[in-house]
Amino acid sequence: MHTQKTNTSRCATRLFIRWRIPYMLQALLVVSALLCEPFPTRYDRIEDNAVRSTGFTYYPYAEGAPGDTIRIRAFFPGKPVTSVSWQMSYSRVFNVYASRDTVLDVFDIDAIAVSDRLPDSVDITFAIPESTFFYTKAILQQALDLCKSRLPAGMRNMTQQDLAGLLLDFGNTDLGDAAALAAFLDRWSATLDVTMDDPALMETLTEVGTALLYTFSVSGVVYANATAGDGSRLRVKGEFTIRYNRRFQNTVLAPLVPVNRNPALRWVGMYTVQGSNVYSFSPSDRDFDGKVTFSYLYNELFPDSAVDTVVIDTGYSYFLAADSGIMSYTLHRGDSVQINDTTWLVLDHDTTIIDTALDRITFTNSSGRDTFELETVYFDWQYQNLALDSVTEPLDSLLFLFPGSTNGGGGQSSIVKMLPSLDPRMNRARIWVTAYDYLLGEYNRPSAFATRNVEIGFSYTAAYKNARQ
Amino acid sequence: MKRFACMLTLAACMALSGSAQELEPTDTADSLVEQAPLEKEPVLTNFVKATYPEALLKQGITGTVMLDLVVNEQGIVDSCAVVKGVHPLLDSAVAVAAARFTFSPAMAGGKPVPVLLTYEYRVTLEDVVRTITEYVNFSGRVVERGTRAPVPGALVYVTFRDTASDTTIKVPFSAYLQKIGTFEGQDLQGSDLVTTADSAGGFTFTSLPAGRMQVTIQAPGCERFVENETIEYGKALEATYRVQRNDYSDYEIVVYGKAEKKEVAQRTLTLNEVKKIPGFGGDAVKVIQALPGVARAAFSMGSIIVRGAGTGDTHFYVDGVTIPILFHFGGLISTYNSNALASVDLYPGGFGTRYGSALAGVVELTGRRPKTDRVHGYLDANLFDASCLVEGPISEKASFLVSARRSYIANMLSFFLEKIAHVELPFNVVPYYWDYLARLDYDLTKNQHFYCTLFGAQDRLDLVVNEVRGGSSRVDEETNRATTDISFNMAISGWDWDLTSRLRNELRYAICDLTEQSKAFGYFTVDGGALAHYIRDQFSMKFSEAFTWNLGLDVQVIPYDIDLTTLNAKNEIVRDSSHLDLGPYGVYTGLEWKPVKRLTLMPGLRFDYYPELIYDGSVVPEFWNYRGFNNNRGISGEPSLRVSGRYELNDIHTVKLSAGTYNETPQPLGQAIDNIWGNPSLPAPKGSQYVAGYEWKITDLIHADLQTYFNRQWDVARTPSSRELAIDPSLPTYISNGKARMGGMELMLKHEQGQRFFGWLAYSLSLSQRWDYQNEKWTVYTHDQTHNLQLIGSYKLPLQQETGVRLRYVTGDPTTPLYPSTTFNAGMARRYEPNVGEYNSDRVDPYISFDVRYEKTFTYNTWLWHLYVDVTHFENLFGKGYKSPEMGQYRWNYDYNYQAVFSDVTRPALGIRVDF
């Protein structure tokens, strides 16, 4: 067991804290009182002596249907990676409390293509086996029994493979195409107990489709086994939902079978805030009016607006920020939208809402009042000190992103406080930000990811240098 | 005939007392024979008392006046001469009186003859003193200072400083004292009058002379008390004297009769014991953790893990009925006010059929009857809460006790963080608890006693994190808020009836309204509650001193409703509204049989029906898993057979044995058999216990108790392992083939409260294992603690001070080793995953702690003030060398390269308490 802890790190920690007292006082007390951690429990700082990963990004979606071709990009900052092997399982079993998962039948991915972008990242393209639902062990008998109890009588005796075959055929059928639908029914009408001229056709298909889509949905696991030149390894484990929902996006089932899209990191920037001890900052806070300047470090829409160097001066605090801008939802004419606690707005035309600040929208339409929950987007911030060796240099010579210093809670906010280095030699860093979404309550919902890195140059003013000497 | 003249010298004793005189028989005679021998001595036929001269009364002169009397042939005193005098006035008075004596004449030769007598007349004051009348002119009570408890048997001394102040006394003061010293209830010891206080502390003195006096009181266990008083002529003095006890720490001792020790493994704590033990804040229930057989709980919380069993395998009772929530916030402090308890009994194993639905042990709290001598009470305030209690008599037959407690943790936290540490937390947290207790006792008749206890508590925690985005508003609107609110109100009534000297019935009925509400950040909400009923009735028939039969009913009716909204493993919002009819319904019978004087046997049978379970129960009690025998043909319940015995080798040594079968409802209670989250078809877990013990009464104060045990459990609910799920992913959440075995040895070496010292050494050696279905072998239990040594001592210091220490050494909890991570979970978790070693194949470092307690008592006439400080982990004050791991897990850095223990900090509990 590896339990040793070096004296070096303890000394460095003390030194770091001593110099950072103006910034750290409150947080230190909180962290000390609540966590009492003698070492960092986060992995914000990426060092060059270990293989590191910021995770996966899935294209085109964070989910796929059997037969779909998907591409996964894995990022490997830190120690350069020389090779990556890929594995997958679509038999992941949870207990009911999700406190334990068992990954079964792990197999090597048969890649269609591998885009070697090493040492930083690698892309793999592969097809999800058509037979995934035939053999997955993640669909439990109880779930199958429950599913069949809701299906037409003719389907009660079908096996998992039979049902998966029906769903596969269903998913490959364009329900809007009468001929395709007729052909589908030719094959399954006896089982479904429905015909083309049956007025309950679509209702039956909807019921069967949603029941099968619900049951045949598994959380797969993707492994990227990265190896560095010196043989050190890191296994990156990602989650990937396999379900047919995408295939039904153009059918009557579309509203009932959601598909999760990747978030998009549209920009990354830096707020420079007057005051050296600003701990919590929000651009919408009126208290900061006139005290804030903003610089894009990356801007997808206006690349030229980005700067590559920021000035570090005394008397200022620095906050990194990112925007996903992926939240979108279309409301229709006549819907009422609650603007605030007392105001409702009746829309006179179809409206797409794009707003990352909203947690939910309450609206009314012809079917009554409902709450549409927007997904939550979390941000993981990591950083690399490019100018100095972050392994050997003392901590206060390095850039530091302060965990939990944000206005979003939990250190997973779109805004994070940056503590500049005390050492002017540290004039270049790379910031990694990963956005990932989350929506509670949707069955087997996949998490979608977006990762972006930006390089920042730091220019320290003379006053700053003098103050830190 | 020879003529002779007789002259007799007679010595006569005469008592002269004041105006009265008393004749005493002549005891000597000396005769002169001249002519014929004296045939008959003269006999005094008329005695005349000499009048004691008034002028001499105060002087109190007494003595013997020797006279020569010439008594003639007629028996008349012819002459009287003082041979030896005492005082001229007295001599004269005596002579005058003696001259009037008449005698029967002396005879010689058949004729009356004159004689010369020597007569001794004793002069006393007795007649004067006899006139002193009895009247009470000094009375009072002797009570303890502070507690006002009577001090029966106190000796009250009165010493008179001024012997001349009472001019009405005619006789000398010493004579007066001597006389009143003969009055009933008071004695003269030297120059002091002494009396003894009665059972109520009352005393009286009779006919004390007026004037100044010193009152001195001496009582066992109390300091000498001295007070100056003045008795005024014609007035009675009443006084209450408050004597200072040498030690007030035993004030709380309430002896309600020491029950005969019957169970093989019964350990009883009295209130005065628990208050002296550091680290528990005087909480009577948590002190159980200081006894052998009970595992150390993490962060000194309230988990009671008995003999390596699960936390749910031990059942808790108050007055024979189940208590819904034993501790505030899971272990902070017990919900039942410790000061209202008579005793706490721990049965770590081998308990009789009185108790059911417990595979491991039983803890029974016994409420006490209120004090009846006067109104008592206390106020207590410490860093966490404040409490009060008042009790006393209502009438001769009725008495009452009420108490209440309320915490102010949130206020203290807020004060320390914001005012002292100047920390602004990103969240608001408001925890508080309160509880109340009211008890009424009433003696229906001489043989029937009734009581009713109203008892309730609430725990509430409200946490609002300002910026957290939380889960779904479809689960809960407030996604930035976590709350838990648990409360209950309970009424326990008891009716004890001694029908005859041989028949006794004890009936308990309780009703409890329990509500539980919890929610957390839009991830789950739980609303649960029950209106539960508990009935216990035990009928005892004592056929003889050696044979008693008990028959009992032990029924719990708990209709529990729960509404749970949460996420399942597939990220779905699941709403679960369940109703459970929890039991059990138990009946039991047992014997207490002494076939020979020193042997006690207690066989018993019990049956528990579990209405919440649907399975085929056993027909015969199982001491092990009767696999080869089709025993499961009964209803959803289990029979139990338990036998225990004690044999007293002599007055010092006792051996004891027990064997029994036990069962309970599947744990976790309710959850294990839930339709969604559990498995409704689980059977009742079963177990057997075998205990052998030896007791040694080393001295009157020191005794040892050594026990060994071996326990087994089977049909225990458990979650399937990953290996099993890999084989059959359809396995339900809970399956019932869990099995466990535990064995060990426990030693309790206890020094009862002596003059100054009280303490014990508790040592447990144990091994608790579970069958690991992942690796197909026996694996140590998560809370297995091989060695658990506790040294507890309390010492009374001078000046009403008392200090206590508690030293613990406990083997570290088992842990599953984690190795540096080589896997990064890039899913939602976004964290490094450790490489996991074999389950529970390692242990954290040993746990060592040193707790201290100090109390100083200040006494006032009607109050007692206690200032106390109880410091847990006192050793941390002396450096940061060793940190005891509280949990069987380490804290790790992000990639599991560095580890640290979860350790506790030095926690002082400072408080003040006022008894009145």
Side-chain angles (χ1 to χ4, degrees), chain A residues 1-5 9 26 29-30 33 37-43 50 52-56 91 93-98 100 102 104 137-138 140-142 217 219 233-239 359-360 371 373 376 380 404 407-410 413 434 436 438 440-445 447 449, chain B residues 417 421-426 465-469 471-475 479 522-523 567-573 676-677 719-720 722-723 725-726 729-730 732-733 817-828 830-833 837 842 890-900 903 905:
Chain A
M1 188 158 56
H2 299 256
T3 60
Q4 68 275 15
K5 184 167 178 252
S9 64
Q26 290 183 346
L29 289 168
V30 172
E37 303 292 3
F39 38 64
T41 57
R42 293 171 55 82
Y43 55 96
R52 300 291 298 271
S53 173
T54 59
F56 296 151
S91 291
V93 181
F94 293 94
N95 68 357
V96 71
Y97 304 107
R100 175 184 293 157
T102 305
L104 308 170
K137 292 172 181 170
L140 304 183
Q141 189 59 47
Q142 295 95 316
S217 169
S219 175
R233 299 175 174 210
L234 178 68
R235 186 179 223 204
V236 185
K237 175 185 174 185
E239 295 160 355
D359 286 334
R360 63 178 183 274
T371 297
E373 289 207 45
T376 304
D380 240 4
N407 64 347
S413 164
T434 301
Y436 56 103
Y438 176 60
L440 191 145
E442 182 187 316
Y443 181 70
N444 251 350
R445 188 178 197 270
S447 279
F449 295 84
Chain B
L417 289 175
H422 302 290
V423 170
E424 187 177 342
L425 294 176
V465 182
N466 304 330
E467 307 274 354
V468 77
R469 306 177 84 160
S472 172
S473 60
R474 286 190 287 157
V475 175
T479 56
Y523 290 107
L567 298 168
N568 66 8
K570 295 292 180 68
N571 193 36
E572 282 182 297
I573 295 172
I676 295 176
W677 307 99
T719 54
S722 298
R723 190 184 65 81
L725 284 173
S730 299
T733 309
L818 303 179
Y819 301 110
S821 173
T822 55
T823 301
F824 175 68
N825 185 334
M828 275 293 293
R830 295 195 62 77
R831 63 181 179 84
Y832 282 82
E833 292 181 347
D842 196 5
Y890 290 105
R891 292 182 289 139
W892 296 91
N893 76 327
Y894 65 88
D895 62 357
Y896 295 86
N897 271 297
Y898 303 132
Q899 68 177 27
S903 59
V905 296

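Nothing here was measured: the structure is a model prediction, and the numbers come from that model. Values below: all heavy atoms of this structure, side chains included; hydrogens, waters and symmetry mates excluded. Here is how names work: the chains are called A, B, and so on, in the same order as the sequence lines, proteins then strands, and each is numbered from 1.
Top candidate by heavy-atom pairs under 4.5 Å with chain B, chosen from A:Val236, A:Leu234, A:Thr434, A:Thr54, is A:Leu234. Considering only heavy-atom pairs separated by less than 4.5 Å from chain A, the leading option among B:Arg723, B:Arg830, B:Glu833 is B:Arg830.
Within the model, atoms OG1 of B:Thr823 and NZ of A:Lys237 stand 8.0 Å from one another, a figure rounded to the nearest 0.5 Å. Put simply, CD on A:Glu239 and CG on B:Asn825 are 5.5 Å apart, with the number rounded to the nearest 0.5 Å.
B:Ala826 and A:Phe56 make their closest contact through CB-N, 4.1 Å (heavy atoms, listed as atom of the first residue, atom of the second, distance). B:Tyr832 approaches A:Arg52 most closely through the heavy-atom pair OH-NE, 2.8 Å.
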